[in-house]
Amino acid sequence: MCGIIGYSGRRQAAPILIDSLGRLEYRGYDSAGIAIFNNNTVEVYKDKGRIADLEKALPDISGTVGIGHTRWATHGRPNKVNAHPHTSGNIAVAHNGIIENYQQLREKLTQLGYIFVSETDTEVLAHLINYYYKNNLTDAVVPALKDIKGSYAIAVLCGSELVAARKDSPLVIGIGENENFIASDIPAILKYTRKMIFLEDMEIASLTPDSVLFFDSNKRQIEKQINIIDWDMEAAEKSGYEHFMLKEIHEQPRALHETFAGRISELEGTITFDSLDLTEDQIKDISRINVIACGTSLNAGLLGKYLFEQFAGIHVDVEIASEFRYVHSSPGSLVIVISQSGETADTLAALREAKSYGCKTLAITNVMGSTITREVDNVIYTRSGPEIGVAATKTFISQLGVIYLLALLFGKIKGKISSDQMKRMLVSLKQIPAQITRILGNKEFIEIYAQIFSNANDSFFIGRTFNYPIALEGALKLKEISYIHAEGYAAGELKHGPLALITKNTPVIAIATRGITYDKMVNNIKEVKAREAPVLAIADEKDIEIEKYVDGVVKVPSTEDIISPILSTVVVQLLSYYTAKARNCTIDQPRNLAKSVTVE
Ligand code: AGP
């Protein structure tokens, strides 16, 4: 996600804002900016590119109150105009999150005479606060926040007034001596103070150099507790988690929430992708899809095959990107490329090949402005925020989120699913972030099983139908970070060869959530148990049968069978993580691997 910083004190604000933004650099960003109250005006300096370049371009500004931002683009390209802070008169806003109703608000504010210069959702906030502003910034922020739908962490500057607020996006207030801070992430301000107050959803803070007042959403004053943070800088960058991978696994509820934000109306049973430039007639005409991707993104694509075929009746071929050029595609098919980085050389080469056949192309990616996004016809962003661990976790979950929505949307347009089915699926999907949080709450249980795995040399992940791609993903995660040989198999395929490898030394993870293949899955479990393999099942929380057949069970919350793979994913991620940890592996930088594979 983007980074926010705010300062109100007696020192010069600009160097502190720049220094603090620099401490968030490790998370990735595409543009940066600061706003300072100087000479009775709010002055803004921002640009695409690095913080160091912004710093070099800064004039000699003085001012002891200001805000800063590093942007990771979600609405609008990465460029100077779209960089934060955004202004309206003397009000400047830095924002993390997504304002879901920004189009409606933009229209309303335009009618009121406000002029928009950027493509961002954030600019509506600046104008909205300006609209409500009389003579006190907090009084203007309170009604403005009531008008918006979505997630936000904001720092707002107006003259010498500095206000912060949050909903579904983190924000912390740092308490110093004669100075106070706002930050989206603790490392940004850890050098200046260890006294932190965590804002909760719908809370607002008003900062001066000598005080911080806290309010609820109706501007009733509230008391907050100060926390003393004793993390070192490295721990702070990981929000106290031992590894970025674990942090990113824990960020999945929020990542998925952002993936869905503004795209789903479960009450009306509708799905909207602003960026999808395909007419209903064009979608009705799609009879074939080629999904192209590598690694984890490929596994997301494989689940997509089941979803598009089931929800929309569209035939899907899933192609390993590096093999695509040798298979050929027909010009009539829709080519969907999936790549979290948007830079994977194999995927890019396959995309170019597909375009040369005249195929219509669509990318599902996390990085705005990446090479793939510049070359495809359509892009859908996953909005997971920057991912630092080499092992893809939250980007995979968000890819799945997009694919579920896309398959449902195509199914609805093609008349393959009813409104009731659509609403039911959307209601269930909306519950998934909270259900992931429940799984994360039981992670110690998964850690215990990981101890068993950590001594293995070989292992198997098995599943049927839509659980099969998650078996592949579990095996990929385990081998990638723990260096244990792992195979992902369609459970029915075991007896055609790999069963010969099953012994008491090959632990098996069986993804056995309920569904039409459940009984067959139980038979496959019996097959491997007969060869003395230790079996850990991933099963629905209501399943009381499965215990009889296996050595251990991790239960996941009940949901629609076809949606349960998202929940099983979290279990295989945690299992891989804790296994790698037990083996003392360099989890965030596995040997021989890179986050972005830019060579063919
Ligand atoms: C996943 O954990 C791996 N790091 C790898 O398989 C990755 O998914 C693959 O290289 C594709 O990357 P992309 O999504 O950025 O295209």
Side-chain angles (χ1 to χ4, degrees), residues 28 72 243-249 251-252 255 259 291-304 318-324 335-354 361-376 379-403 461 469-484 486 488 569-570 572-577 579-580 585-600:
W72 167 271
H243 297 95
F244 282 110
M245 182 180 174
L246 190 60
K247 173 176 182 269
E248 285 156 3
I249 288 172
E251 285 171 350
Q252 293 183 125
T259 305
V291 177
I292 302 173
C294 307
T296 288
S297 297
L298 183 72
N299 295 334
L302 194 57
L303 180 58
V318 183
E319 320 283 3
I320 297 171
S322 54
E323 294 292 320
F324 178 72
V335 168
I336 301 181
V337 291
I338 308 176
S339 170
Q340 70 79 23
S341 62
E343 299 292 352
T344 302
D346 287 327
T347 311
L348 187 59
L351 167 67
R352 289 175 179 158
E353 190 82 5
T361 56
L362 163 68
I364 298 174
T365 184
N366 194 38
V367 183
M368 201 171 260
S370 56
T371 310
I372 285 175
T373 66
R374 297 197 299 271
E375 299 199 15
V376 281
V379 187
I380 299 179
Y381 291 102
T382 48
R383 304 174 179 165
S384 327
E387 188 173 69
I388 292 169
V390 166
T393 52
K394 64 176 179 172
T395 52
F396 178 69
I397 287 283
S398 294
Q399 286 170 348
L400 297 187
V402 167
I403 293 167
F461 287 70
I470 308 308
L472 290 175
E473 177 57 11
L476 176 61
K477 281 283 96 74
L478 190 71
K479 61 187 141 199
E480 183 180 16
I481 60 168
S482 77
Y483 316 142
I484 293 174
T569 297
V570 182
V572 298
Q573 290 169 342
L574 286 168
L575 191 70
S576 303
Y577 171 80
T579 305
C585 296
T586 52
I587 293 179
D588 287 330
Q589 281 101 23
R591 70 185 176 210
N592 307 336
L593 299 178
K595 183 70 186 160
S596 192
V597 186
T598 52
V599 287
E600 279 189 62

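Counting convention: from 1, in listed order, for ligands and their atoms alike.
Counting only N and O atoms by type, the side chains of E473 and T569 include no donor and acceptor under 3.5 Å apart. Neither side chain, T382 nor S398, offers a donor N or O lying under 3.5 Å from an acceptor on the other.
Protein heavy atom nearest atom 10 (O) of ligand 1, with residue, atom name and distance: V597 CG2, 3.9 Å. Among protein heavy atoms, atom 7 (C) of ligand 1 sits closest to T296 N, 4.1 Å. Looking at atom 9 (C) of ligand 1, its nearest protein heavy atom turns out to be C294 O, 3.7 Å. Here the heavy atom of the protein found nearest to atom 12 (O) of ligand 1 is T344 OG1, 3.4 Å. Protein heavy atom closest to atom 14 (O) of ligand 1, with residue, atom name and distance, is S297 OG, 2.6 Å. Atom 3 (C) of ligand 1 has E480 OE2, 3.2 Å as its closest protein atom, hydrogens excluded (heavy atom only).
The N/O atoms of Q399, backbone and side chain alike, include none that comes under 3.5 Å of an N/O atom in ligand 1. In terms of N/O distances under 3.5 Å, ligand 1 is approached by S341. Of the N or O atoms in A392, one or more lie within a sub-3.5 Å distance of an N or O in ligand 1. Every N/O-N/O distance between A391 and ligand 1 stays at or above 3.5 Å.
Test I380, V337, V379, I372 against T365 for side chain to side chain contact (heavy atoms under 4.5 Å, CB included) and you get one pass: V379.
Neither the backbone nor the side chain of E343 comes within contact range of ligand 1; no heavy atom lies under 4.0 Å.
The ring pair (Phe, Tyr, Trp, His ring centres under 6.0 Å) test applied to Y577 returns H243, not counting sequence neighbours.
Looking at heavy atoms from C-beta onward, W72 lies in side-chain contact with N366 at the 4.5 angstrom threshold. Side-chain contact between L476 and T296 is present, with at least one heavy-atom pair separated by less than 4.5 Å. Residues M368 and T373 have side chains not in contact (no heavy-atom distance under 4.5 Å, counting atoms from C-beta outward).
Among pairs with a residue in residues 363-376, those fulfilling salt bridge (Lys or Arg N to Asp or Glu O under 4.0 Å) read R352-E375, at least two apart in sequence or across chains.
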- [ ] Tell me, with the steps shown, if Q573 and T393 meet side-chain hydrogen bond (donor to acceptor under 3.5 Å, both in side chains).
- [x] CA-CA 7 Å; Q573 290 169 342; T393 52; 5.0 Å; no
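Each of the following atoms of ligand 1 lies closer than 4.0 Å to a heavy atom of K477: 1 (C), 2 (O). Annotation for ligand 1: atoms under 4.0 Å from non-hydrogen atoms of S339 are 13 (P), 14 (O), 15 (O), 16 (O).
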